[in-house]
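Residue indices begin at 1 and follow the sequence shown. Everything numeric here is computed off the predicted structure, so don't read it as measured data. Just so you know, these numbers use all the heavy atoms, side chains as well, and skip hydrogens, waters and symmetry mates.
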Amino acid sequence: QVQLVESGGGLVQAGGSLRLSCAASGSIFSINAMGWYRRAPGKQRALVAGITDGGSTNYAASVKGRFTISRDNTKNTVYLQMNSLKPEDTAVYYCAAGTSRATNVYEWKYWGQGTQVTVSS
């Protein structure tokens with residue numbers, strides 16, 4: 001089992017920045033990819049960004065150029081730096097961990113509890 005603990009959500013004005021963190025613990029050897037999803041009000045959960053152990057990244061078109069995913073393998077932690085935030089970025093953000101065996105193809109096995117990000121206009 002892998003446990004994921006997220007932090008860093010909150011309320012920010014449009015144009016501002018936030019950084020989310022997700023610390024993984026447990027059977028880390030069983031995963032080689034981590035990522036962030038979000039669920040906006042009335043919408044389905046959608047991939048925001050993913051990153052593999054090797055550093056390969058993938059972004060949703062709506063956040064490309066504004067968000068950056070990174071990881072610190074020594075701390076088993078993945079980050080999501082969110083800049084130029086927009087009201088439409090408001091959502092609950094979930095950390096995910098799993099495996100990736102092909103480019104931009106993930107099998108997510110573990111999920112965090114979610115952290116709220118609210119962007120005011």
Check: [Y] main-chain N/O paired with [X] side-chain donor or acceptor under 3.5 Å:
X	Y	result
S100	V105	yes
Y59	I69	yes
R38	A91	no
E6	C95	yes

Practice prompt. Return yes if a side-chain donor-acceptor contact under 3.5 Å exists between S17 and N83, otherwise no.
Written response: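 There is such a pair (donor and acceptor under 3.5 Å, judged by atom type) between the side chains of S17 and N83.
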Worksheet entry | T90 versus E88, side-chain donor and acceptor atoms under 3.5 Å | no
Closest contact, heavy atoms only, [X] versus [Y]:
X	Y	result
T77	S21	CG2-CB, 4.4 Å
M34	C22	CE-SG, 4.0 Å
R39	K43	CG-O, 3.4 Å
V5	Q113	CA-OE1, 4.2 Å
L85	L18	CD1-N, 3.8 Å
V119	D89	CG2-CB, 4.3 Å

Distance (rounded to the nearest 0.5 Å) between [X] [atom1] and [Y] [atom2]:
X	Y	atom1	atom2	value
R45	L47	CZ	CG	10.5 Å
L80	T115	CG	OG1	11.0 Å
Y110	L4	OH	CG	9.5 Å
K86	S121	NZ	OG	14.0 Å
N32	R101	CG	CZ	6.5 Å
Y106	I51	OH	CD1	8.5 Å

Worksheet item: What's the verdict on side-chain contact (heavy atoms from CB on, under 4.5 Å) for V2 and S30, showing C-alpha distance, side-chain angles and the deciding distance?
Response: CA-CA 8 Å; V2 174; S30 67; 3.9 Å; yes
Discussion item. Once side-chain hydrogen bond (donor to acceptor under 3.5 Å, both in side chains) is applied, do any residues pair with R19, and if so which ones, sequence neighbours excluded?
Written reply: none
Discussion item. Going by disulfide (SG to SG under 2.5 Å), name the pairs with one or both residues in residues 47-84, residues two or more places apart or in two chains.
Written reply: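 Counting only pairs at least two positions apart or across chains, no disulfide (SG to SG under 2.5 Å) contact touches residues 47-84.
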Discussion item. I'd like to check Q81 versus L20 (side-chain heavy atoms, cut-off strictly below 4.5 Å). Are they in contact?
Written reply: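 SC-SC contact between Q81 and L20 ruled out.
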Discussion item. Is any side-chain heavy atom of M82 closer than 4.5 Å to one of V117?
Written reply: yes
Discussion item. Does the plane of the ring in Y94 sit parallel, tilted or perpendicular to the ring in W111? Use 30° and 60° as the thresholds.
Written reply: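 Judged by the thresholds at 30° and 60°, the geometry between Y94 and W111 is perpendicular.
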Practice prompt. Kindly work out whether a path of hydrophobic side-chain contacts (I/L/V/M/F/W/Y, heavy atoms less than 4.5 Å apart) joins W108 to V92.
Written response: yes
